[in-house]
A.B. asks: 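Quick one: the structure is below, and I'll ask about it shortly.
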There are 2 protein chains.
Amino acid sequence: MKLGDGHRMTPQRREVYEVLMEHPDHPTATDVFMRVKERMPAISLATVYNCLDTLSGAGFIIQVNVDREPSRYCGNLAPHGHFHCEKCGTVLDVQLKEGVQASKAVKLPRGAVVERFEVAVRGYCPQCVRKQKIESSRSA
Amino acid sequence: MKLGDGHRMTPQRREVYEVLMEHPDHPTATDVFMRVKERMPAISLATVYNCLDTLSGAGFIIQVNVDREPSRYCGNLAPHGHFHCEKCGTVLDVQLKEGVQASKAVKLPRGAVVERFEVAVRGYCPQCVRKQKIESSRSA
DNA sequence: TCCTTATCAATAATTATTCTAAATAAAATT
DNA sequence: AATTTTATTTAGAATAATTATTGATAAGGA
């Protein structure tokens, strides 16, 4: 993997990237830090932030923001949206259905140039919904 | 206007709300603070945060997050998306075209319950595009 | 009125993230 | 190879936005 721009693929960056590919569960910087630290105990949180920043700057990973919560990182480069569970905090990838495009979905200001398009869905994930139902039927 | 939940409509909350309605330009908490302070010099930033929080909790305003930038606040309660200019930082409301719905646009995990749906478009606003063009033709 | 609850403002604290500076390492050049 | 340049890492300090705490004040109900 080459990063371009004179950036090197260092051991730290490689580990950070590996960790993201191994568990595509949208970890936060701290999550990544803890996972990398197991295999590379000397690494610092600042380095993890640097690596995440470099990797996303180079387009190898995507930074995902959910409200004002800590940023999460995602190795899925295909265009997709995110579902965020308000109960357990899980972030799931959701596929955009075919034919859904920014320019089609919204009335853009005339003359605007679109760079990115983000779709976020908030709600309760299947697991939490199921639990909720069990709980409420129990209490009933 | 009633807030419910035993919350009162205090002078501070009223001013904060008024300011948002007067200029629907998605001000940040600090922007709101500066505007309210002109008419109510004793108010503190913390109180503005409290008011914004109470008002959005009660559903009178919407908190809009753009990446990790400071939250912005919006009095437009109709369902809409946001366009964010990467150059000048302006946030514009964009209408969702008719027939565009969360459930239609994305393949949701089976069993998930949707609460909210957010569309964010990033790019360059018409003004910045125009300026850019003028600049580049000048330099050419 | 008395009592409970809500509110405000100031300040302190928290959280996520970025910056700084010094040390290290790899690449480029001589 | 030695030197120079450039990129990188690290620890810790710094920052910015936001939240929590506290003590005083005020509103509403019994």
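Only heavy atoms go into these numbers, but all of them, side chains included; no hydrogens, no water, no symmetry mates. Convention: sequence-line order gives letters A, B, ...; per-chain numbering from 1.
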A.B. asks: If we check side-chain contact (heavy atoms from CB on, under 4.5 Å) with B:Asn76, which of these qualifies: B:Ile61, B:Ile62, B:Asp93?
C.D. replies: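 Only one option passes, and that is B:Asp93.
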A.B. asks: With a cut-off of less than 4.0 Å, is there a side-chain N or O of A:Tyr49 near OP1 or OP2 of C:dT18?
C.D. replies: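 Indeed not, no polar side-chain atom of A:Tyr49 lies that close.
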A.B. asks: Closer than 3.5 angstrom, by distance alone: can the side chain of B:Arg122 be matched with the main-chain N or O of B:Glu86 as a donor-acceptor pair?
C.D. replies: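 Not confirmed, B:Arg122 side chain does not pair with B:Glu86 backbone.
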A.B. asks: Write down the atom of A:Asn65, the atom of A:Ser71, and the distance for their closest heavy-atom approach.
C.D. replies: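 Distance-wise, the nearest heavy atoms are OD1-OG, 2.7 Å.
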A.B. asks: Do B:Gln127 and B:Cys88 have side-chain heavy atoms sitting under 4.5 Å apart?
C.D. replies: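 No. Closest side-chain heavy atoms not under 4.5 Å.
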A.B. asks: Just the rounded figure in Å: distance from P of C:dT15 to CG of A:Asp31.
C.D. replies: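 Distance check: A:Asp31 CG to C:dT15 P gives 15 Å.
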A.B. asks: Of A:Pro11 and B:Thr30, whose nearest nucleotide on DNA chain D comes first from the 5' end?
C.D. replies: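 Between the two, 5'-proximity favours A:Pro11.
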A.B. asks: Within this structure, what is the CE-to-P distance between A:Met9 and D:dT8, rounded to whole angstrom?
C.D. replies: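 For the pair A:Met9 CE and D:dT8 P, the rounded distance is 10 Å.
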A.B. asks: Contacts to DNA chain C from residues 62-71 of chain A, heavy-atom cutoff under 4.0 Å, which residues?
C.D. replies: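 Going residue by residue through residues 62-71 of chain A, the ones with a heavy atom under 4.0 Å of DNA chain C turn out to be A:Pro70, A:Ser71.
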A.B. asks: From CZ of B:Phe33 over to C1' of C:dA9, roughly how many Å is that when rounded to an integer?
C.D. replies: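 Rounded to whole Å, this separation is 11 Å.
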A.B. asks: Just by modelled atom types, is the B:Glu69 backbone N or O under 3.5 Å from a matching donor or acceptor in the A:Arg68 side chain?
C.D. replies: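 Yes; judged by distance alone, with no hydrogens or angles, the pair exists.
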A.B. asks: How does protein reach along nucleotides 23-30 of chain D, written 5' to 3' as B (base within reach of a heavy atom under 4.0 Å), S (only sugar-phosphate), or - (no contact)?
C.D. replies: ----S---
A.B. asks: Answer whether the closest heavy-atom distance between the side chains of B:Leu45 and B:Tyr49 falls below 4.5 Å.
C.D. replies: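 They are in side-chain contact.
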A.B. asks: Taking atom CZ of A:Arg13 and atom CZ of A:Phe60, what is their separation to the nearest 0.5 Å?
C.D. replies: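 One gets 11.0 Å once the value is rounded to the nearest 0.5 Å.
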A.B. asks: Consider only side-chain N and O atoms of A:His26 and A:Asp31, and report whether a donor and an acceptor are under 3.5 Å apart.
C.D. replies: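 No, no side-chain donor-acceptor pair sits under 3.5 Å.
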A.B. asks: Send over the distance from A:Arg14 CZ to D:dA7 P, rounded to a whole Å.
C.D. replies: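 Rounding to the nearest Å, CZ of A:Arg14 and P of D:dA7 are 19 Å apart.
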A.B. asks: Look for any protein N or O under 3.5 Å of an N or O in nucleotides 10-15 of chain D and output each such pair with its distance, or none.
C.D. replies:
| residue | atom | partner | partner atom | Å |
| --- | --- | --- | --- | --- |
| D:dT10 | OP1 | A:Ala42 | O | 3.3 |
| D:dT10 | OP2 | A:Thr47 | OG1 | 2.4 |

A.B. asks: Find the distance A:Glu15:CD to D:dT9:P and express it as a whole number of Å.
C.D. replies: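 After rounding, the reported distance stands at 12 Å.
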A.B. asks: Distance check needed: C:dC8 P versus B:Lys37 NZ, whole Å only.
C.D. replies: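 After rounding, the reported distance stands at 15 Å.
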A.B. asks: Is there side-chain contact between A:Phe33 and A:Thr28, with heavy atoms separated by less than 4.5 Å?
C.D. replies: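 No, too far: nothing below the 4.5 Å cut-off.
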A.B. asks: Measuring to OP1 and OP2 of D:dA17, would you say a side-chain N or O of B:Thr28 lies under 4.0 angstrom away?
C.D. replies: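 For D:dA17, OP1/OP2 do not have a side-chain N/O of B:Thr28 under 4.0 Å.
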A.B. asks: Within the pair A:His7 and D:dT8, is there a side-chain N or O less than 4.0 Å away from OP1 or OP2?
C.D. replies: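 So the side chain of A:His7 is within the cut-off, an N or O lying under 4.0 Å from OP1 or OP2 of D:dT8.
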A.B. asks: Any salt bridge between B:Glu22 and B:Arg39, counting N to O under 4.0 Å?
C.D. replies: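 Salt bridge present between B:Glu22 and B:Arg39.
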A.B. asks: Side chains of B:Lys131 and B:Lys87: does their closest heavy-atom pair fall under 4.5 Å?
C.D. replies: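 With C-beta onward as the side chain, the pair stays apart.
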